[in-house]
Amino acid sequence: MTTKKEKNAPKGKPDMTVLEFFNVATDRMDEWNDLNSAAIKLKNAQASGKENKALEGEVKELLESKEVFESFWAYPGMALFNEIATHFKEGDYGTFAHAVNRVTRALMSGSYRRGPGAWNLADEAEDDSVGMPEYYEQRDFSRPYFEVLVVDNEPSPEKQKRVRDEMRKLRRPEDPFIYEMVFVPSFEDAVAGAIINHNVQSVVIYDNFPFGSKYNLQSLRERIERYMIHDPDTLAPESYGTALADAIYNIRPELDLFLMTDRRVEKLAGEATASHIRRIFYDVEETNELHLSMIEGVGDRYKTPHFSNLEKFSRRPIGTFHALPIARGKSIFKSNWIKDMGHFYGTNVFLAETSTTAGGLDSLLEPKSTIKEAHELTARCFGSEHSYFVTNGTSTANKIVVQALCKPGDIVIVDRNCHKSHHYGFVLTGAQPYYVEAYPMVEYSMYGGVPLKTIKKALLDLKAEGKLDKAKMILMTNCTFDGHIYNVQRVMEECLAIKPDLVFLWDEAWYAFARFSPLYRGRTSMGSVPILKARYAHPEYRKAYEAFKKKVGDIDPSNKKLLDMHLLPDPDKVRIRAYATHSTHKSLSCFRQGSMIHVNDEDYEELVHEPFEEAFMTHTSTSPNAQIIASLDLARRQAELEGYALVRQQIALSLTLRNEVNNNPLISKYFRILTPAEMIPKEYRGKTIDELNVDTPWSDVVDAWAEDEFVLDPTRLTLVCGTAGYDGTSFKLELMDKYNIQLNKTSRNSVLFQSNINNTRSAISYVISTLAQIATDLDKKLAGDTGFAKAFKARVKSLMEDVPDLPNFSRFHDAFRDNPEGKTLEGHMRLGYFEAYVPEDCDHLDIRSEEMNNRLAKGPEVVSANFVIPYPPGFPIMAPGQVVTREIIDFMLALDVKEIHGYNADAGLKIIKPEVLEKIKKA
Ligand SMILES: Cc1ncc(COP(=O)(O)O)c(C=O)c1O
């Protein structure tokens, strides 16, 4: 956020870019570094007796622009900042440069969190507490540090100092954390503070403050309104306190909010709007209570019951007489042959290895103590009613949810391109998949998301055929591997208008991080639930529904207009039933295979709880890995305390990488990162962004994310490499082998770069320099060798233009359909699947053979006995019981990939014999 620009921006003209919004911490550091360099130059000029007016002007402007911004941070804080500015104003450039340098270094290294030195600008040594006021000496700087945002009506510097000193005196050696306060004077400044300052963990709101900021935070004001439940223009000043709490909650729900008021606290506490406030205090007398409550609030998030217990357990002297020889590590450290295992992994991993569920350790299969508590903390963190840890990845989490919710014969409308765990889930449960198609991106051999119209049509067709009662669940991947994000609220709303008790399983394997950004949260499963619930409970919605009902009447599947209309569910009938599965290990800090299931289902207790437990037992090992469980507990702690900062950084880095690749004249000759316009067809993007660039206006992004059917996750970057003559797989291998850059997903002509909370600016610049190096090499080769240039051109053409059409799901064979004459596509896939287990019921057919060609043209129909899944692209081009078409075989023949699961090229395609199909049909 460039606050200087803000300050000077004409009212009504938002000028914040998307990068400015997310890059706020990095921009701040860059500005301190700029100030530091300028200050050193100024000092040197003064020392050598020279004047430098231009530099002085530059520094003056930097200081002025920083003043607004620094007012949102406790360190260095306005007192130290003003001290710095005074040295400059007085022309004492030596002291000025020393002080700026000290702050810059403290911010870069984070030493202000750990030691008192950084808080005393005059001091030489970094961590020397000599000469510190008493409260600094009391500080145990090994304790985690956070900042408290205090919202108070124009607090004078004297009052700020008094309150700060008062709170500092309350510090006790046994406090597990240390904090400093930052004061803001208005509603708008408070929201800006919560957005900008990621160190903030608690907000203390002193009732009775104005709405507007003295700075022109116009673009922020527009953003604030999106987070407000009430219209700021109609809000009475006495409601500012609770409205501010709501607004901050909508931005960062993890923060602890405290309201200090001299109004009737008892009444306020009972008001619904006060629900996000952790505690309401009667005025300032309660400072000690406030101090303890803030420490306790952060402590609640810091708490990792299972990890802490495991850690404690590892320190106990225990003899193991159960089946886990590596527990305590003796079989390793005393071994003559595998000592290196011990050296590599260290002792703790063995000391913490256990299979016991006694002695204070809990059982994942029947949690009663620490795992149960860890589940509850996780549910709070992710906004669910229930959360569960899973130790075999989302592959298992998905099967658990599908089995908990579906019984044989139930219909699930599902993206055919979804992860294979779902397909196997249908086989296990006997649910009938109704495969629907995502929009294809043929040029890049990949799929996007499933349009809402397609999902609605499937539901309406089921209704027309009298099968809607069997439709149990809608199952979609959000976001997709390649970054397509659904409008979750809209999808749920319109589907619930057709069937009000539908269950939604959103496979958010890639998307656990999304909870921690206000931009993404409304497009997650758990984030959508409270929004929809509040919407349907609102009298305005009821009015809108009644008008809709009057206009449309009952949902009639023969009414073609319904597909283009925004359908509204009946508020008296609708049930909100949402599930999400997260590969926590894919985007947060936990060990591989650590996953979570989150539940927000109004009918969970009555209808699902017991089947869920059964399904959990079905798929969970009786020897779940203790380290994975503990790391899930820790991943939650980190996400709740620093997820906001880390995800913001992740998004900013991705935007930077996008920008550098697409605008660098050398790199962009050969490589391009696909834009929203290239990844999402226009009809699903509404009026908004074609490009997602560093200078895309923030307001456009917010509008798109609020309204569009699909948006692109900026942290998933599809880099086209076909234009550099590489297919996805060879480019991935080259990056790994030659440059130590590891990627996962590829397509025929692209690779996917995913950024995550682990990335740094250095890592991004390494990617940029690597691409520049490859581009330089290509430039050289193309200039020097005409043979190479000719072959290069042909290769690029083949990779970018000779791309096979993506085959749609054809249909299940009639033998596996309840009503072969009907137009709905669901089928009993499980029957087909188990046919493959009977060798005499199956044949193998060479996909290039005459017989295959004849049968595709004239019959009898060829029916797959297996899932056939080529990698890439990684979706099943055939499912058991599915009719094989010419289109599918042509796609297979055009594929130049080596890995095709479910297909043995030597034996041929495994198919079910026609006579067996006839027999099943008649049965
Ligand atoms: C959409 C989706 N769901 C589920 C999974 C399986 O997750 P896990 O690797 O945690 O088992 C994946 C894996 O890539 C995936 O892409």
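Computed from a predicted structure; not experimentally measured. When a ligand or atom number is given, it counts from 1 through the structure's own listing order.
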Peer 1: For residues 505-520, which residue pairs pass the salt bridge (Lys or Arg N to Asp or Glu O under 4.0 Å) check, not counting sequence neighbours?
Peer 2: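 Applying salt bridge (Lys or Arg N to Asp or Glu O under 4.0 Å) to every pair that reaches into residues 505-520, excluding sequence neighbours, yields nothing.
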Peer 1: Using the salt bridge (Lys or Arg N to Asp or Glu O under 4.0 Å) rule, pick out the option among K499, K456, K453 that qualifies with E494.
Peer 2: K456
Peer 1: For D713, check side-chain contact (heavy atoms from CB on, under 4.5 Å) against everything at least two apart and list the hits.
Peer 2: C479, I485, F513, Y520, T715, R716
Peer 1: What does the contact table look like for ligand 1 (nitrogen or oxygen on each side, cut-off under 3.5 Å)?
Peer 2:
unit_1, atom_1, unit_2, atom_2, d
ligand 1, 3 (N), D507, OD1, 3.2
ligand 1, 3 (N), D507, OD2, 2.7
ligand 1, 7 (O), S583, OG, 3.2
ligand 1, 9 (O), K586, NZ, 3.0
ligand 1, 10 (O), T394, N, 2.8
ligand 1, 10 (O), S583, OG, 2.7
ligand 1, 10 (O), H585, NE2, 2.8
ligand 1, 11 (O), T394, N, 3.1
ligand 1, 11 (O), S395, N, 2.9
ligand 1, 11 (O), S395, OG, 2.6
ligand 1, 14 (O), K586, NZ, 3.3
ligand 1, 16 (O), W510, NE1, 2.9

Peer 1: Tell me whether the centres of the aromatic rings in F710 and Y486 are closer together than 6.0 Å.
Peer 2: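 Yes, the ring of F710 comes within the 6.0 Å limit of the ring of Y486, centre to centre.
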Peer 1: Within the 4.5 Å heavy-atom criterion, are E887 and F891 side-chain neighbours or not?
Peer 2: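 Of all side-chain heavy-atom pairs linking F891 with E887, none is under 4.5 Å.
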Peer 1: What side-chain donor-acceptor pairs closer than 3.5 Å can you find for residues 399-409, not counting sequence neighbours?
Peer 2:
unit_1, atom_1, unit_2, atom_2, d
Q403, OE1, H619, NE2, 2.8
Q403, NE2, T618, OG1, 3.0
K407, NZ, D410, OD1, 3.2

